[in-house]
Amino acid sequence: MHGNHVSCYRGDRVDYRWPCRPDQEALPNYAGYAYIGRRLAKRGYIVVSISANGVNVLGNNVDDTGMRQRGEVLDKHIDLWQEWSTVGGDPFGDTFVGKVDMSRIGTMGHSRGGEGAVWHKIVDDERPVPFGLDAVLALAPVDFTRVTINEVPFSVILPTCDGDVSDL
């Protein structure tokens, strides 16, 4: 999950709103780590990067800046992959049926997405039948809510030149 950035654009003008105005397009923030995703995919991983533009903007309206909602967005995507890997469905048809190991799931996020990955572990643990995350990687995460997670391999990569997380 990506971090907090502008969400909409038209030409060289950007905007921080959600949804985008009809004359704007959503900025593809989810594509920022595509180069890493392609390398991991070549090694057999299924890598998914999701857009968090809406929760970035609207999350500023709640006390935790949308951290729980980021975890819920990640969890919803795991639900979708469960469906696509068992019965199929749009937009993939049956491409992934029987081809995704849903017993081996890791979550990674950068900046606000890093704390969102932490919250994904919390949200998953609250499910009646959790998926059971196997790893969480927080890359230059914010720490707005000061929550902690246990019983999962957890790694944090600290930034050195991050504009938002400057005090470590």
Side-chain angles (χ1 to χ4, degrees), residues 1-7 18-19 26-41 44-92 95-96 99-159 162 164-165:
M1 176 176 275
H2 64 80
N4 188 38
H5 301 282
V6 294
S7 52
W18 197 258
L27 197 69
N29 287 317
Y30 64 88
Y33 287 105
Y35 66 101
I36 294 172
R38 282 190 295 274
R39 289 185 126 169
L40 290 169
Y45 291 88
I46 293 176
V47 180
V48 178
S49 183
I50 63 172
S51 175
N53 286 345
V55 73
N56 276 344
V57 176
L58 301 175
N60 288 322
N61 297 325
V62 293
D63 289 340
D64 73 351
T65 63
M67 291 304 152
R68 171 174 277 283
Q69 290 80 6
R70 283 172 171 79
E72 290 170 348
V73 166
L74 288 166
D75 209 52
K76 176 61 178 173
H77 281 78
I78 301 299
D79 283 337
L80 289 169
W81 277 96
Q82 178 70 31
E83 181 179 331
W84 295 330
S85 69
T86 55
V87 297
D90 289 335
F92 302 116
T95 301
F96 292 104
K99 297 182 176 128
V100 181
D101 185 352
M102 295 299 294
S103 71
R104 299 174 64 186
I105 301 171
T107 304
M108 179 267 198
H110 171 244
S111 195
R112 289 188 189 197
E115 188 168 348
V118 169
W119 270 96
H120 182 222
K121 169 69 173 140
I122 294 166
V123 168
D124 183 63
D125 285 349
E126 293 171 349
R127 296 174 67 105
V129 180
F131 282 106
L133 299 183
D134 294 290
V136 176
L137 171 61
L139 174 60
V142 297
D143 190 20
F144 294 145
T145 60
R146 303 287 195 255
V147 298
T148 58
I149 55 176
N150 297 301
E151 299 178 3
V152 65
F154 176 50
S155 184
V156 176
I157 298 176
L158 296 176
D162 192 291
D164 288 337
V165 186

How far apart are the closest heavy atoms of Tyr30 and Ser51, and which atoms are they? CB-N, 3.7 Å
Going from CD1 on Ile122 to OG1 on Thr145, what distance comes out if it is rounded to the nearest 0.5 angstrom? 6.5 Å
For Phe96, all residues meeting ring pair (Phe, Tyr, Trp, His ring centres under 6.0 Å), sequence neighbours excluded: Trp81, Phe92
Could you note down all residue pairs passing side-chain hydrogen bond (donor to acceptor under 3.5 Å, both in side chains) where residues 126-142 supplies at least one of them, sequence neighbours left out? Arg68-Glu126, Asp75-Arg127, Asp79-Arg127
Say whether, by atom type as modelled, one donor and one acceptor occur between the side chain of Ser49 and the main chain of Ala31 under 3.5 angstrom. no
Would you check if the side chain of Asn4 reaches a backbone N or O of Ser111 as a donor-acceptor pair within less than 3.5 Å? no
Contact summary for His2 and Ile50, nearest pair of heavy atoms: CD2-O, 3.5 Å
Tell me whether Gln69 contacts the main-chain N or O of Gly59 through its side chain, where contact means a donor paired with an acceptor under 3.5 Å. no
Can you tell me how far CD1 of Ile105 sits from CD of Gln82, rounded to the nearest 0.5 angstrom? 7.5 Å
Just by distance, do the side chain of Glu83 and the backbone of Gly89 share a donor-acceptor pair under 3.5 Å? no
For the backbone of Gly3 and the side chain of Asn56, can you confirm whether one donor and one acceptor N or O come within less than 3.5 Å of each other? yes
Kindly give the heavy-atom pair with the smallest separation between Trp84 and Pro91, and that separation in Å. CZ2-CD, 3.7 Å
For Val156, side chain to side chain contact (heavy atoms under 4.5 Å, CB included) partners two or more places apart: Ala138, Pro141, Phe154, Leu158
May I ask you to test the Val55-Arg112 pair for a side-chain heavy-atom distance under 4.5 Å? no
Would you name the heavy atoms of Gly116 and Arg70 that are closest together and state the gap between them? CA-CB, 3.7 Å
Would you say Asn61 has more than 12 foreign heavy atoms packed within less than 6.0 Å of its CG? yes
Using side chain to side chain contact (heavy atoms under 4.5 Å, CB included), reason through Ile78 and Met102 one step at a time and then give a plain yes or no. CA-CA 9 Å; Ile78 301 299; Met102 295 299 294; 3.8 Å; yes
Short question: side chain of His110, backbone of Ala140 - any donor-acceptor pair under 3.5 Å? no
Mind jotting down which residue pairs meet the salt bridge (Lys or Arg N to Asp or Glu O under 4.0 Å) criterion with at least one end in residues 51-62? Sequence neighbours excluded, please. none
Closest non-hydrogen atom pair between Leu137 and Ala117, with its separation: O-CB, 4.3 Å
Qualifying ring-ring contact (aromatic ring centres under 6.0 Å, His included) pairs, either residue in residues 119-141, two or more places apart: none
If I take atom CG from residue Asn29 and atom CG from residue Asn53, how far apart are they, to the nearest 0.5 angstrom? 4.5 Å
Please list, chain by chain and in numerical order, all residues satisfying side chain to side chain donor-acceptor pair (under 3.5 Å) with Thr148, sequence neighbours excluded. none
Are the side chains of Lys121 and Thr107 in touch, meaning some heavy atoms are under 4.5 Å apart? no
